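Just so you know, these numbers come straight off a predicted model, no measurement behind them.
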Amino acid sequence: MRRLLILAAIGASFYVSEVSPVRLWNGLPAMTGYIWGTLPEVRLATLGSDLAAWMWGWKRWLPMLWETILMAYAGTLLGAVAGLLLSFLAARNLTPHPALGAATRRLLELARTVPELVYALLFVIAFGLGPLAGVLALGLHAAGALGKLSLELLEHVEPRPLEGMRASGANWLETMRFGAAPQILPGFLSYTLFRFELNVRSSAVIGFVGVGGIGQELYVATRQFVYQDISAIIVLLVAAVAILDQLSEVARRRLAA
Amino acid sequence: MNRLLWLAFAAFSAYAFWAVDLWPGRIWPGLGKLARISAELVPPDAGGQFLTLVFSLLETLGIALAATVMAAVLAFPLGLLGSAKVLPNWLWRWPLRRGMDLSRSIDALLWALLFVNAVGLGPFAGVMALMMVDLSTLAKLFSEAVDHSSPGPVEGVLAAGGNRWEVVRFGILPQVLPAFAAQALYYLESNVRHATILGVVGAGGIGMHLTDQLRVNEWQQVSMTILLILASVTAVDRLSRWARSELERGS
């Protein structure tokens, strides 16, 4: 019975999303053909000038790529600070008041359940076009995600140092700062670096809705069918993502060591 | 040294904030506008479009499920081929793994943008986009699971005279299947989240309505749509968590 339900759900999903063997059969070659079409014609004899023609816009694209990275950086930093601070209020074992804890947990949940792109769409209207809307969107979502991770770390801290501090007369703020925070910081920083990697990717795609950076340029190139620009920008983007991932991984290993 | 590092961090952060326009003079007016918008968001109201919204929500769920199923099905052969135990020749394995790395480092929304150009507007482009991202990750997870599977059952099948296919079928698959199913369920959750926004680039689902409503400033409809998105994401998360616990109990 359960198996039948699952099969029915899968069948229905294929129906509503218009997936069919025929479309797949036609769709896969269409996609490879499309990707192939975006690649430049490169001949060995004219390799240098062909590649130069392909990357003709690099003087414009690199600053845009840098803006995308800065948006991810600023957004992650904002989100990490906000998430970390809120998680102390939200942790079940540390919260100053259970009701405040529950409210903060709901707030964090809301912040991470709404997709970044939806925030970006709203913030573009409120804050105008430009990177600020993107940073705030990334930051809000990151605050929810990092706040939850920090909350889970906090709920598993070793309680004895905290009890000792409380016994010697430390107030809540001091207990958190000197008792709980040092225990979770290495783990939290590692999560934050990981979030930065994710945010670089997100930062590029929220550019589609007008928050600037390389994503916006890519969106325009795609919509105007400027084939070779599409592949050139994607290559730059993928390279930047790969380099930042490597850097962040090195940093995370250092943290773990 | 440590102080120098802090100084560099502070200086770079200040530069980044300056470069992205993050300063109170820009934030305050925006917050005021955001407050005015928020006041208009309530009460949520579908504006007579409730059934349309629910139908596109179903389409969103359909996109996510179809993409997960197709990615899982295709990840099987790819994952097996990517594993050292099945395909010992690295010359085959290396390009396969790098290709998967590449398709994973491109975001689903970007794939959707490309697929809309390649196969046209509509949910099918969304399914293909989500599939591209999940396929590589699931295949990689699957190869790693196969790589780390215990050699005992494999040797057992070999000792009983099994051929290569039988080694995979009876020696490796039973070991990795539960973990693989649990991973696929995680991807279903993440796909539902992604599918809600694919419509922004025209790849089907409820995101299309959201962008339309934002464009014409129908704030009550916007909040209704966001509420529906949140409700469906939460419901699928619950369902998937329950299915995972069932899987764990079964294994």
Side-chain angles (χ1 to χ4, degrees), chain A residues 9-10 12-19 23-24 26-28 30-31 33-35 38 66-67 70-71 73-75 77-78 110 113-118 121-123 125-128 130-136 201-202 204-205 208-209 215 218-219 222-223 225 230 234 237-238 241-242 245, chain B residues 12-13 15-17 19-22 26-27 29-31 33-34 36-37 55 58-59 61-67 69-70 101-102 105-110 113-119 122-128 193-194 196-197 200-201 204 207 210-211 214 217 222 226 229-230 233-234:
Chain A
I10 292 175
S13 79
F14 276 60
Y15 175 74
V16 296
S17 55
E18 297 169 12
V19 177
R23 289 205 75 178
L24 276 175
N26 297 327
L28 285 174
M31 188 59 194
Y34 178 78
I35 292 178
T38 66
W66 184 237
E67 186 177 62
L70 286 179
M71 268 163 53
Y73 177 84
L77 189 56
L78 276 186
L110 185 69
T113 313
V114 178
E116 283 132 340
L117 196 73
V118 174
L121 283 166
L122 276 172
F123 290 170
I125 297 173
F127 295 90
L132 179 64
V135 170
L136 295 177
R201 293 165 166 81
S202 302
V205 296
F208 294 176
V209 299
L218 182 57
Y219 186 76
T222 315
R223 278 290 137 94
F225 297 92
I230 300 173
I234 291 180
L237 183 63
V238 168
V241 165
D245 281 4
Chain B
F12 185 75
S13 302
Y15 158 70
F17 284 173
V20 298
D21 257 2
L22 191 76
R26 274 294 309 273
I27 293 178
L31 281 182
K33 204 164 177 197
L34 201 60
R36 279 201 298 283
I37 292 174
F55 183 77
L58 287 178
E59 187 179 270
L61 297 178
I63 291 171
L65 182 59
V69 169
M70 279 175 36
D101 284 345
L102 181 71
S105 69
I106 295 178
D107 193 274
L109 200 67
L110 175 48
L113 189 66
L114 298 178
F115 270 109
V116 163
N117 271 6
V119 300
F124 181 67
V127 174
M128 298 293 279
R193 280 160 202 262
H194 273 118
T196 55
I197 53 169
V200 173
V201 296
L210 192 62
T211 24
L214 281 166
N217 293 345
V222 167
I226 293 179
I229 290 177
L230 292 183
V233 166
T234 314

The interface call for I125(A) against chain B, heavy-atom contacts under 4.5 Å, is both
Most heavy-atom pairs under 4.5 Å with chain B, out of Y73(A), F14(A), W66(A), belong to Y73(A)
Sequence neighbours excluded, the answer for salt bridge (Lys or Arg N to Asp or Glu O under 4.0 Å) partners of R223(A) is none
Heaviest contributor of heavy-atom pairs below 4.5 Å to chain A, chosen from D107(B), L110(B), I37(B), V127(B), is L110(B)
Answer key: most heavy-atom pairs under 4.5 Å with chain A among L230(B), D21(B), L113(B), T234(B) is L113(B)
Okay, L24(A) and chain B: the region with an atom under 4.5 Å from a heavy atom over there is both
Chain B shares the most heavy-atom pairs under 4.5 Å, among V241(A), L122(A), T222(A), with T222(A)
Ranking A108(B), G207(B), P123(B) by heavy-atom pairs under 4.5 Å to chain A gives rank one to P123(B)
If one checks every heavy atom of L77(A) against chain B at 4.5 Å, the contacting part turns out to be side chain
Turns out that what part of A9(A) lies under 4.5 Å from chain B's heavy atoms comes down to both
dist N117(B):CG -> M31(A):CE (nearest 0.5 Å) comes out at 9.0 Å
Counting heavy-atom pairs under 4.5 angstrom with chain B, the leader among V135(A), L78(A), D245(A), I10(A) is I10(A)
Whatever's closer than 4.5 Å to a heavy atom in chain A on V201(B) counts as both
Under 4.5 Å to a heavy atom of chain A? For I106(B) that would be side chain
If you tally heavy-atom pairs under 4.5 Å between each of E67(A), E18(A), R23(A) and chain B, the highest tally belongs to R23(A)
Checklist entry - Is the shortest heavy-atom distance from the side chain of F17(B) to the side chain of L70(A) under 4.5 Å? => result no
Here the gap from L58(B) atom CG to S17(A) atom OG, rounded to the nearest 0.5 Å, amounts to 12.0 Å
Task: Centroid-centroid distance, Y34(A) to F115(B), less than 6.0 Å - done: no
Separation between CE (M71(A)) and CG (L132(A)), nearest 0.5 Å, reads 10.0 Å
Closest non-hydrogen contact found for A30(A) with A118(B) is CB-O, 3.8 Å
Cut-off 4.5 Å, heavy atoms of chain A, and the answer for T196(B) is side chain
The interface call for I226(B) against chain A, heavy-atom contacts under 4.5 Å, is side chain
Closest heavy-atom pair, P131(A) versus A19(B), reported as atoms and distance to 0.1 Å, is CG-O, 4.3 Å
Sorted by chain and residue number, the side-chain contact (heavy atoms from CB on, under 4.5 Å) partners of Y15(A) (sequence neighbours excluded) come out as none
If one checks every heavy atom of V119(B) against chain A at 4.5 Å, the contacting part turns out to be both
Max heavy-atom pairs within cutoff under 4.5 Å with chain A, candidates M128(B), E59(B), R26(B), R36(B), goes to R26(B)
Honestly, the part of F127(A) sitting under 4.5 Å from a heavy atom of chain B is both
CG (L109(B)) and CZ (R201(A)) are apart, to the nearest 0.5 Å, by 14.5 Å
Answer key: most heavy-atom pairs under 4.5 Å with chain A among L114(B), N217(B), V116(B), L61(B) is L114(B)
When the 4.5 angstrom heavy-atom criterion is applied to L31(B) and chain A, the contacting part is both
So, the part of L210(B) with a heavy atom under 4.5 Å from chain A: the answer is side chain
If one checks every heavy atom of A12(A) against chain B at 4.5 Å, the contacting part turns out to be neither
Okay, V114(A) and chain B: the region with an atom under 4.5 Å from a heavy atom over there is both
